[in-house]
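Mind having a look at this structure? Questions to follow.
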Amino acid sequence: MTTGIPSQSIKQKKGTDYSLSPFSLIQKDPKTSARLGRVQTAHGAFETPVFMPVGTQGTVKTLAPRELEEMGSEVILANAYHLYIRPGIDIINASGGLHRFMAWPKAILTDSGGYQIFSLARLREITDEGARFNSHFDGREIFLTPEEVIRAQEILGSDIAMILDECPPHDASRAQVGEAVRRTIHWAKRAKRVHSVPGTARSLLFGIVQGGKFLDLRKSSLDQTVDIGFDGYALGGVSVGEPKPEMEEVVRKITPLMPSDRPRYLMGVGTPVDLFWAIEAGIDLFDCVNPTRYGRNGTAFTRTGKVTVRNAQYAKDQSQLDQTCPCYTCSNFSRSYLRHLFNCEEMLGHRLVTYHNVYFFISLTREIRNAIAEGRFSELKKEFLSNYNEENR
RNA sequence: GGGGGCGUAGCUCAAUUUGGUUAGAGCAUCAGAUUGUCGAUCUGAGGGUUGCGGGUUCAAGUCCCGUCGCUCCCG
């Protein structure tokens, strides 16, 4: 699927040859730090800013890969930790890698599992050597090292691998966050070393910046991560329950310090409104469970804000979810019918609203890329926010 | 015709034995939360003339009388 970006805008390079780099900067917005770029992977290129639907267990919940392709999705996220637990890396290896296993031909970014250690595993011990904890699935003890996590992602056939990081909770003390930064750097060096072994790695490798809300720790983490040298850089440890302004401040202040010739990835974000301010700050990649999770819980993202289709006010509403949306769900089904499906707990409801939500995020980011290409990002942002109910972000 | 049981929120039922705060719960309904996943979970709200009428009592869902409805057994 093409992005609709005018071809002339893609050729606006000024003498710099990006052809050997996995990331090319196509165009910068004149008024903000928003930028249009292109990431080359072993499974095709995609343009940035891009939103990656989350397919933790090798499936973007409720959607078939064909449906993701038809809505223009060109890169998705999967989770090495979850796949490591179940079905096991060896089983996916025997199936010819994750792409073939799940029948997704385009790019896959795999998260390492650092977030899962923080969010759902019963942690037993975290040391410089690695993380020892009990599987959330069957309780057995697991010991993850930065090296093993990279090898697992290579076997999966990941296009973009993430280093193992330590993601502290948002209310962690400065000392705890500082320790997480130190350990994440240590792990990053080891991950890089394994990944650099000639002939083994086909993936890009991204480093992860930690530091919580402490800007000096963030800067230190960034500097040290850049010194190690990665194909891209991620801001981690955000959207972990901290107040919104806190997250926004970190992203706005740290993103401009990230290398401009590498993709910048804001992990776990966000809402439609988040996309605008983060892209404005210079972020290129996003992933978030919002479109799929909210879709399964009966809430749709629309141009005017969130629509909770379960609400009784839609019982007889014959209109489509989003008046401006041409997606399959919007062009065929009424809010009344979708509400009925959720009331009956019919799985088609989960599918249809998820489809719309992912379509919404994918097409919104495509629209943003077009706007950057045409030099009117700020205009689009203004227009979008004027229609979007801020109470409903 | 005689005898027994039952009647409490939309539904299924607690509280009746021994009368004693503002009649509770689950489900359903309604609404909210959800940011490197959650078919999950959590939070909050609305909803009652305790079938109806009368009586006893300081006090009745609870005891008494009548009545209506449902149900079971006997004839």
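Protein chains get the first letters and strands the later ones, always in sequence-line order, with residue 1 at the start of each.
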Length of the line joining A:Phe361:CZ and B:G36:P, which is rounded to integer Å: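 Atom-to-atom, A:Phe361 to B:G36, this comes out as 10 Å.
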
Check every atom of B:G36, B:A31, B:U35 against the side chain of A:Tyr115 and return the nucleotide holding the closest atom.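 Of all the options, the side chain of A:Tyr115 is nearest to B:G36.
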
Rounded to whole angstrom units, what separation is found between the OH atom of A:Tyr81 and the P atom of B:G36?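 So the two atoms are 16 Å apart, to the nearest Å.
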
Could you give the distance separating B:G48 and B:A14 at their C1' atoms, to the nearest angstrom?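 Roughly 15 Å separates the two C1' atoms.
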
What integer number of Å spans the P atoms of B:A59 and B:G55?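 Here B:A59 and B:G55 have their P atoms 12 Å from each other.
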
Between B:G5 and B:C65, how far is it from one P atom to the other, in whole Å?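 Rounded to whole Å, the distance is 12 Å.
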
Starting from the 5' end of RNA chain B, give me the residue, A:Arg339 or A:Leu77, whose nearest nucleotide shows up first.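 The residue closer to the strand's 5' end, by nearest nucleotide, is A:Arg339.
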
SB check A:Glu367 A:Arg303 (cutoff 4.0 Å):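 Here A:Glu367 pairs with A:Arg303 in a salt bridge, since their nearest N and O are under 4.0 Å apart.
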
Can you measure A:Tyr294 atom OH to B:A40 atom C1' for me and round it to whole angstrom units?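 So the two atoms are 14 Å apart, to the nearest Å.
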
Touch check for A:Glu166, heavy atoms < 4.0 angstrom, all strands: base, sugar-phosphate only, or nothing?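 Result for A:Glu166 = nothing.
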
Whether A:Lys244 and A:Asp274 form a salt bridge (side-chain N of Lys/Arg under 4.0 Å from carboxylate O of Asp/Glu) is what I want to check.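 Yes, A:Asp274 and A:Lys244 are salt-bridged.
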
If we take the P atom in both B:U62 and B:U8, what is their distance in whole Å?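 Pairwise P distance, B:U62 against B:U8, rounds to 13 Å.
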
Using whole Å, what does the distance between atom P of nucleotide B:G39 and atom OH of A:Tyr355 come to?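 Rounded to the whole Å, the gap is 21 Å.
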
So, are A:Asp128 and A:Arg182 salt-bridged, with charged N and O less than 4.0 Å apart?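 Yes, A:Asp128 and A:Arg182 are salt-bridged.
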
Partner nucleotide of B:G1 by Watson-Crick or wobble geometry (both distances under 3.5 Å):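 Checking every strand shown, B:G1 finds its partner in B:C74, with both distances under 3.5 Å.
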
Counting any heavy atom closer than 4.0 Å, what does A:Met162 reach on the DNA or RNA strands: base, sugar-phosphate only, or nothing?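 Nothing: the residue A:Met162, judged by heavy atoms under 4.0 Å, touches no strand.
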
Quick one: which of B:U34, B:C30, B:G39 gets closest to the side chain of A:Arg293?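 Nearest to the side-chain atoms of A:Arg293, counting from C-beta on, is B:U34.
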
Paired with B:U34 by Watson-Crick or G-U wobble geometry, both distances under 3.5 Å: which nucleotide is it?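 Pairing partner, where one exists within any strand: none, as none qualifies.
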
Among the nucleotides B:G39, B:C30, B:G36, which one has an atom lying closest to any side-chain atom of A:His350?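 For the A:His350 side chain, the nearest candidate turns out to be B:G39.
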
When only distance counts, do a donor and an acceptor, one from the side chain of A:Asn79 and one from the base of B:G36, lie under 3.5 Å apart?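 Such a pair does not exist between side chain and base.
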
Using a 4.0 Å heavy-atom cut-off, does A:Leu109 contact any base of the nucleic acid, only the sugar-phosphate backbone, or nothing at all?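 It contacts nothing in the nucleic acid.
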
Among B:G39, B:G36, B:U34, which nucleotide sits nearest the side chain of A:Thr299?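 Shortest atom-to-atom distance from the side chain points to B:U34.
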
A:Glu345 has an atom CD; how far is it from atom C1' of B:A40, in whole Å?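 Spelled out: CD on A:Glu345 to C1' on B:A40 is 12 Å.
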
Quick one: do A:Arg262 and A:Asp231 make a salt bridge, cutoff under 4.0 Å?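 Looking at A:Asp231 together with A:Arg262, the answer is no, because their closest N to O distance does not fall below 4.0 Å.
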
Inter-nucleotide P distance (B:G44, B:G26), Å rounded: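 Those two atoms are separated by 11 Å.
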
Between B:G36 atom C1' and A:Phe286 atom CZ, what is the distance in whole Å?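 Going from A:Phe286 (CZ) to B:G36 (C1'), I get 13 Å.
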
A:Gln57 CD to B:G39 C1': how many Å, rounded?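 Result: 12 Å.
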
Find the partner of B:C63: check Watson-Crick (N1-N3 plus N6-O4 or O6-N4) and G-U wobble (N1-O2, O6-N3) distances, both under 3.5 Å, and reply none if neither fits.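 Looking at the geometry, B:C63 pairs with B:G55.
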
Separation of A:Phe51 CZ from A:Asp287 CG (nearest 0.5 Å):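 Rounded to the nearest 0.5 Å, the CG-CZ separation comes to 7.0 Å.
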
So A:Gly237, base contact, sugar-phosphate only, or nothing? Heavy-atom distance under 4.0 Å.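 Base contact - A:Gly237 has a heavy atom under 4.0 Å of at least one base atom.
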
Does B:A14 have a Watson-Crick or wobble partner in any strand here, with both distances under 3.5 angstrom, and which is it?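 Looking at the geometry, B:A14 pairs with no nucleotide.
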
Determine the interatomic distance between C1' on B:G7 and the same-named atom on B:G53; round to the nearest Å.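 Those two atoms are separated by 16 Å.
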
Check step by step if side chain to side chain donor-acceptor pair (under 3.5 Å) holds for A:Gln153 and A:Ser112. CA-CA 8 Å; A:Gln153 292 179 91; A:Ser112 60; 5.6 Å; no

If I take atom OG1 from residue A:Thr271 and atom CZ from residue A:Phe301, how far apart are they, to the nearest 0.5 angstrom?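 Going from OG1 on A:Thr271 over to CZ on A:Phe301, the span is 7.0 Å.
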
Can you identify which nucleotide, out of B:A40, B:U35, B:U29, has its nearest atom closest to the A:Asn290 side chain?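 The listed nucleotide nearest to A:Asn290's side chain is B:U35.
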
Rounding to a whole Å, what distance do you find between A:Phe342:CZ and B:U29:P?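 The distance from CZ of A:Phe342 to P of B:U29 comes to 14 Å, rounded to the nearest Å.
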
According to the Watson-Crick and G-U wobble definitions, with both distances under 3.5 Å, which nucleotide is paired to B:C6?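 Matched B:C6 with B:G69 under the 3.5 Å cut-off.
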
Closest to side chain of A:Lys61, choosing from B:G32, B:G39, B:U35: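 Side chain of A:Lys61 sits closest to B:G39.
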
B:G75 and B:A9, which share atom name P, separated by this distance in whole Å: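 Taking atom P in both B:A9 and B:G75, they lie 36 Å apart.
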
Determine the Euclidean distance between corresponding C1' atoms of B:C6 and B:U12; express it in Å to zero decimal places.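 Going atom to atom, C1' in each nucleotide, I get 15 Å.
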
Partner lookup for B:A45, please. Criteria are Watson-Crick or G-U wobble with both distances under 3.5 angstrom; report none if nothing qualifies.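 Pairing partner, where one exists within any strand: B:U29.
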
Taking the minimum atom-to-atom distance to the side chain of A:Asp111, which one of B:U35, B:U34, B:G36 wins?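 Of B:U35, B:U34, B:G36, B:G36 is nearest to the side chain of A:Asp111.
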
Side chain of A:Lys244, heavy atoms from C-beta onward: which of B:G36, B:U35, B:C30 has the nearest atom to it?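 Ranking B:G36, B:U35, B:C30 by closest atom to the A:Lys244 side chain puts B:U35 first.
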
Identify whether NZ of Lys or CZ of Arg in A:Arg339 sits under 6.0 Å from the centre of the six-membered ring of A:Tyr314 and within 45° of that ring's axis.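 No, A:Arg339 does not sit over the ring of A:Tyr314.
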
Taking the minimum atom-to-atom distance to the side chain of A:Asp165, which one of B:A31, B:U34, B:G36 wins?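 My answer, after comparing the listed nucleotides, is B:G36.
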
Which listed nucleotide (B:G36, B:G32, B:G39) is nearest to the side chain of A:Asn311?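 Looking only at side-chain atoms, A:Asn311 lies closest to B:G32.
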
